[in-house]
Protein chains: 2
Amino acid sequence: MTDAEYVNIWMRPERPARGPKPAYSRAQITEAAVRIADAEGLEAATMRRIAAEIGAGAMSLYRYVPSRDNLVELMADRLMGEIDVTGMPSGDWRADLTRYADGLRAMWLRHPWIATVQRSLPSFGPNQLLLIERLMGVLDVFVSIDENLSLMAMLNSYIEGTVREEISSAKEFRRSGLSESEWMARSYPYVDRLVKSGEYPIFTKIVMEARQPHLSRDDQFRYGLQRILDCIATALPSTAESLMSAHREGREEQDGSGQTHSQPSERSSRAK
Amino acid sequence: MTDAEYVNIWMRPERPARGPKPAYSRAQITEAAVRIADAEGLEAATMRRIAAEIGAGAMSLYRYVPSRDNLVELMADRLMGEIDVTGMPSGDWRADLTRYADGLRAMWLRHPWIATVQRSLPSFGPNQLLLIERLMGVLDVFVSIDENLSLMAMLNSYIEGTVREEISSAKEFRRSGLSESEWMARSYPYVDRLVKSGEYPIFTKIVMEARQPHLSRDDQFRYGLQRILDCIATALPSTAESLMSAHREGREEQDGSGQTHSQPSERSSRAK
DNA sequence: CACAACCGCGTACGACGTACCCATTAGGAG
DNA sequence: CTCCTAATGGGTACGTCGTACGCGGTTGTG
């Protein structure tokens, strides 16, 4: 097996046995890269910049990571670990999926640059694997694995699609250095031209309606999520809607502490 | 208003009045860029490469487009024009949304690089505006504009999320130059190690189940789409399920020509 | 007909990822 | 212990990118 024939980054051993002690580590490099990407975007996390962040020479990073792309894979998996799915098949599937959805969304909002990396086939890093186990475990007792995959794809698509929009509008405001109202004022000439043309009645309707108070982003997300969960409910056997204690007892012994589902560990702040 | 103060690319006039006749055009440049991106990916569509494609000098492009980012915006809107939504509020909302979904998915599959551009706030190019009018017009008679936005966000999220997965797996196979079975053979050591560890029962289930014949990608998409449409149906008033002719007659007088709005001044060609 | 606006485009600059090389370090064999 | 050798940190250099700047030629307008 030649040097570059590892199937993915997780198969490549971090450290050989011989030679001098490495001064850094993959985890340390990944952490620094995430820190930079959070603060200045993924494109700012260049090899030179990351190396400077940890006090290393630029080329030293390549002793730990074969390429920048692979480093980004490490960063992505590192992020998956932030989603709290402990004790996840709790027996209340709606609560579980809601907690997962909130956690995933919050993670994306903390690390918006994740939207710009397109995973080339899930690389199945350790954190992602754990997430899969916990998340798919939620509906595993109710539906076939294929059905489960389909439903989770739907759920994930909703979450990612929604949060992508949040991210891109936030990014646009930051890029222009304008507040939301300033930005709207700036684009007024264009919007006004479109409205005045009379050719876009529905666009006009959206623009007009947007002036009246909308739901907060959090509430919008929750509202749509409820719809998705209702949609999932229709795909489950009727027994799934009732309490799951019977199923749980059948699968594993559990005490009656009454802790059906833990509160989401962190709630995204209702902005402004 | 200084030179760079245009709110977006659509406000910046393509041609001033004075001076010599330009040898090229935005449309021509955009077309060339799309052609390159289709064949070799968006990152291959560099300014130099695009210029060479149309026989121009590299810097000449900047007479037509302020920056590469803006050119990508033009490319994205050009793609929106490929989605056929003519006569779109037809009265059968399920058929309309299905046609839109198929069209959007097919467009993404023809131009997979679109997944790598994150729109910074919808830039509302002409083709996108038309698409909004037609698509949101489908449910406009049934629900409020806010509800409509929410439902369409859900639909679009599903489509984009699903097709993103198709794209990234296709890309991985192309990147590695392996067929799907070769790729699976290559990653066998890693997958086998995970399965053998016994720590990932659901991942194991997925891997095992994947050996038996699955639905085609088309059927998977259609299947999930039906679920989404069912979900949308529950948000509509009960009258919506029946034929819509009554509603259409009630809202606007219409002759039989089917030409509701003026034709867009330029239709992008359906490639190949 | 002169002038200013606009054209195409050549040159140049400061980034980027990373191939290559080198002196230095440290585990394992004798 | 001493060597051998693999592995280290990192400097230099190459080919790429987007694009700022400025030039000589072209053209509509006064």
Side-chain angles (χ1 to χ4, degrees), chain A residues 1-4 6 9 12-30 32-33 36-37 40-75 113 116-117 120 175, chain B residues 1-4 6 9 12-30 32-33 36-37 40-75 113 116-117 120 175:
Chain A
M1 183 174 284
T2 79
D3 184 55
Y6 292 102
I9 181 68
R12 184 183 291 261
E14 166 149 19
R15 295 204 38 197
R18 295 278 290 275
K21 293 266 159 66
Y24 315 103
S25 71
R26 271 189 194 168
Q28 183 186 0
I29 292 168
T30 305
I36 296 170
E40 307 169 43
L42 185 60
E43 76 286 351
T46 67
M47 298 306 267
R48 291 170 229 260
R49 181 90 167 69
I50 298 166
E53 177 86 5
I54 62 175
M59 292 310 295
S60 302
L61 302 190
Y62 287 93
R63 297 287 170 190
Y64 301 87
V65 162
S67 72
R68 183 174 186 272
D69 283 349
N70 280 343
L71 175 55
V72 172
E73 263 180 271
L74 292 176
M75 294 166 71
W113 49 268
T116 70
V117 351
S120 52
R175 187 189 64 82
Chain B
M1 183 176 283
T2 80
D3 185 54
Y6 292 101
I9 181 68
R12 184 183 292 259
E14 167 150 20
R15 297 203 38 197
R18 299 275 289 273
K21 292 264 159 67
Y24 315 103
S25 71
R26 273 190 193 167
Q28 183 187 1
I29 292 168
T30 305
I36 296 170
E40 308 169 43
L42 185 60
E43 75 287 352
T46 66
M47 298 306 267
R48 291 170 229 262
R49 181 91 167 69
I50 297 166
E53 178 86 4
I54 62 175
M59 291 311 294
S60 302
L61 302 191
Y62 287 94
R63 295 282 175 191
Y64 300 87
V65 162
S67 72
R68 184 173 185 272
D69 283 350
N70 282 91
L71 175 55
V72 172
E73 262 180 271
L74 292 176
M75 294 167 71
W113 48 268
T116 70
V117 350
S120 52
R175 187 189 64 82

Checklist outcome for this item: When rounded to whole Å, the CD1 to P distance for the pair A:I29 and C:dG17 reads 14 Å
Checklist entry - Nearest of C:dC7, D:dT8, C:dC9 to any side-chain atom of A:P22? => result D:dT8
Checklist entry - In whole Å, what is the span from the OH atom of B:Y24 to the P atom of C:dG8? => result 7 Å
Item to check | Qualifying salt bridge (Lys or Arg N to Asp or Glu O under 4.0 Å) pairs, either residue in residues 56-72 of chain A, two or more places apart | outcome: none
Checklist outcome for this item: Sequence neighbours excluded, the answer for side-chain contact (heavy atoms from CB on, under 4.5 Å) partners of B:A58 is B:R48
Checklist entry - Minimum heavy-atom separation for A:I50 to A:A45, with atom names? => result CD1-O, 3.6 Å
Next on the checklist: Using only atom types and a distance under 3.5 Å, with no angle test, would you say the side chain of A:Y24 pairs donor to acceptor with the backbone of A:G55?
Outcome noted: yes
Checklist entry - Which residues satisfy the side-chain contact (heavy atoms from CB on, under 4.5 Å) test with B:M59, sequence neighbours excluded? => result B:Y62
Item to check | Counterpart residues, side-chain contact (heavy atoms from CB on, under 4.5 Å), relative to A:E53 (two or more places apart) | outcome: A:A32, A:R35, A:I36, A:R49
With the criterion being N/O to N/O and under 3.5 Å, what pairs connect the protein with nucleotides 24-26 of chain D, and how long is each?
none

Next on the checklist: Please report the interatomic distance CE(B:M75) to CH2(B:W113), rounded to the nearest 0.5 Å.
Outcome noted: 3.5 Å
Next on the checklist: Using a strict heavy-atom distance below 4.0 Å, which residues from residues 46-55 of chain B are in contact with DNA chain D?
Outcome noted: B:T46, B:M47, B:R48
Item to check | Contact residues, residues 57-70 of chain A to DNA chain D [heavy atom, < 4.0 Å] | outcome: A:G57, A:M59, A:S60, A:R63, A:Y64
Checklist entry - Can you name the side-chain hydrogen bond (donor to acceptor under 3.5 Å, both in side chains) partners of B:N70, sequence neighbours left out? => result B:S67
Next on the checklist: Contact between A:T30 and A:V65 at the side-chain level, heavy atoms closer than 4.5 Å - yes or no?
Outcome noted: no
Item to check | Non-neighbouring partners of B:P20 that pass side-chain contact (heavy atoms from CB on, under 4.5 Å), sequence neighbours left out | outcome: none
Item to check | Rounded distance (Å) that lies between atom C1' of D:dC17 and atom CD1 of B:I36 | outcome: 15 Å
Item to check | B:E14 side chain vs B:R26 backbone, donor-acceptor pair below 3.5 Å | outcome: yes
Checklist entry - Can you tell me how far C1' of D:dT8 sits from CD of A:E14, to the nearest Å? => result 14 Å
